[in-house]
Amino acid sequence: MVASKAGWLLTATAALLGGCSLAPDYQRPAMTAPVAFKESAPWQVAAATPAPSGKWWQAFGDPALDALEARIDAGNFDLAAASARYEQARSLVRQARADLFPQIGVAASGERDRLSANRPLGKGIASTQTDKVVGGSLAYELDLFGRVRNSVAAGRANAHAAAFDVEGVRLGLQSQLAATYFDLRGLDARILLLRQTVDSFQRAFDLTDTRHSGGIASGIDVSRAQAQLSSARAELSSVEIDRAKDEHAIAVLVGEAPATFSIAVADPQTRPPVIQPGLPSTLLERRPDIAAAERRVAAANAQIGVARAAFFPNVTLGAQGGFESIGGDWLNAASSFWALGPLQAALTVFDGGRRAAQVRQTRAQFDEAAANYRQTVLDAFREVEDDLATQRLLVAGEADQAAAAKAAETTRDLALIRYRDGAADYLEVVTAQTAALDAERALLQVRTRQLQAAGDTFRALGGDFRAGK
């Protein structure tokens with residue numbers, strides 16, 4: 001009879017454990033991707049290469065950049081903080097999963113008592129005894145309506161989102177480092193240009209001063225030459241300040257104090273790679289921020305099931321057992337005790353609309369997460385289009401600026417020859433020198449922007465991230 005009751009109880013318990021989930025069936029929010037990027041096709045050559053599936057910055061072929069990028073994982077503290085947030089999210093999943101299992105406890109106690117001889121029914125005889133108890137207890141919530149399972153699902157989705165956030169932070173730091181490095185190298189090129197310019201202006205000043213000493217040039221010419229030379233030196237100092245700031249920023253990105261970090265001035269003449277962006281639909285799998293946003297939608301969907309479960313009873317099952325005796329040999333069947341139960345069901349009948357409001361809140365949170373996901377996708381499409389347009393237009397802009405710089409250099413050289421021959425005053429030289437310096441400076445800035453735009457294109461395309469890997 002006892003065995004049949006136990007079998008019935010196990011069968012009923014197994015049926016109850018199957019339970020149900022009150023979360024809506026999850027589907028990724030619909031988002032229509034364009035057939036192709038607007039800015040991709042016309043300007044790319046047939047030899048275009050896809051974004052590398054590994055370390056994307058290696059496409060630039062700069063060993064110094066490669067070495068710096070390799071230090072981010074171990075040295076950057078923003079990335080370490082993001083990784084710590086991911087570990088926190090994983091711990092929350094483990095905490096939620098613990099409710100899927102019985103909570104088991106053990107306890108032991110010992111008590112020695114002297115009973116009064118004058119106690120009721122004591123018959124005038126005192127008694128001393130030792131009560132020894134050892135046993136265990138079990139408590140288990142029957143997840144009939146999916147509250148625990150949906151809590152676990154929400155936590156797991158949030159943990160996945162946190163993992164994707166780590167990838168997003170890593171990609172952002174890699175892109176930031178590349179952009180800063182390219183800016184630093186652009187400043188290096190300007191420093192080299194300005195050093196050459198200072199030398200050239202110094203020679204022009206010496207020539208003018210000599211001519212003035214011989215009575216050929218006026219004092220105004222000398223003042224103009226001095227102004228040009230001093231302005232170039234001042235600009236050189238300003239550029240060196242900007243370079244120092246870039247160097248300090250790179251030091252922090254790789255986790256090193258600026259005082260112990262330095263990058264030698266160089267002009268590696270790096271050229272941007274040609275990037276094939278692929279189809280817009282693949283962008284949904286190649287951006288960690290999109291993947292993270294989608295997982296937060298899934299988490300919000302599971303939270304709806306948690307809120308709905310509050311409308312149904314909370315059922316818990318308890319059990320306990322062990323050994324108790326006041327005799328010597330007590331760990332035996334005669335000293336055993338057990339109890340199955342209580343089986344409790346608790347349901348709030350009236351709460352003034354609290355649970356209904358919680359369901360509405362979770363639905364609104366789902367709508368918010370879905371809207372954030374769609375906005376993230378649109379922002380990703382815009383960023384890729386921006387970078388592709390920038391690259392396309394900078395190609396033409398570099399050609400035009402290079403032609404302008406060459407013409408300005410020719411004009412400057414001719415103006416200086418005319419001045420030496422006495423066919424022009426120094427104002428013509430000053431004007432030509434200023435125009436040449438402006439044109440060469442602009443050309444360097446265009447080339448720096450090309451490198452930065454290429455690096456940002458890799459970021460916009462997701463770098464080496466793939467949602468399914």
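Keep in mind the model is a prediction, meaning the values are calculated, not measured.
- Note that CD1 of I241 is 10.0 Å distant from CG of L236, once rounded to the nearest 0.5 Å.
- Residues L68 and Y181 meet the side-chain proximity criterion, which asks for heavy atoms closer than 4.5 Å.
- In summary, the side chains of S335 and N332 do present a donor paired with an acceptor at a separation below 3.5 Å, with no hydrogens or angles considered.
- The number of heavy atoms from other shown groups lying within 6.0 Å of NZ (K245) does not exceed 12.
- Atom-to-atom distance recorded for D267:CG and L187:CG is 11.5 Å, nearest 0.5 angstrom.
- Inspection of the T130 and R112 side chains reveals an N or O donor paired with an N or O acceptor under 3.5 Å.
- Between the side chain of D99 and the backbone N or O of V148, no donor-acceptor pair lies under 3.5 Å.
- Looking at R149, its side chain does come within 3.5 Å of a backbone N or O of C20 through a donor-acceptor pair.
- Side chain to side chain, D379 and Q375 meet the donor-acceptor criterion of an N or O pair below 3.5 Å.
- Side-chain contact between L65 and R185 is absent, with no heavy atoms from C-beta onward closer than 4.5 Å.
- Contact between D62 and P268 at its shortest, heavy atoms only, is OD2-CG, 3.9 Å.
- Considering all non-hydrogen atoms of both residues, P273 and A454 come closest at CD-CB, 4.2 Å.
- Here H160 contributes atom NE2 and D165 contributes atom CG; the two are 12.5 Å apart, rounded to the nearest 0.5 Å.
- When atom types are taken as modelled, the side chain of R190 and the backbone of E240 share no donor-acceptor pair closer than 3.5 angstrom.
- Once rounded to the nearest 0.5 Å, the distance linking CG of L79 with CG of L171 reads 11.5 Å.
- In the model, D183 has no side-chain atom that pairs as donor or acceptor with a side-chain atom of T448 under 3.5 Å.
- Between Q358 and R355 there is a side-chain heavy-atom pair separated by less than 4.5 Å.
- Looking at D131, its side chain never comes within 3.5 Å of a backbone N or O of I326 through a donor-acceptor pair.
- With values rounded to the nearest 0.5 angstrom, T376 atom OG1 is found 8.5 Å from R287 atom CZ.
- No side-chain heavy atom of T316 sits less than 4.5 Å from a side-chain heavy atom of Y140.
- Between the CD atom of Q452 and the OG1 atom of T457 there is a distance of 11.5 Å, given to the nearest 0.5 Å.
- Taking every heavy atom of both residues into account, R243 and I191 meet most closely at CD-CD1, 3.6 Å.
- Contact check for D143 versus R147: side-chain heavy atoms found under the 4.5 Å cut-off.
- At least one side-chain heavy atom of I275 sits less than 4.5 Å from a side-chain heavy atom of Q391.
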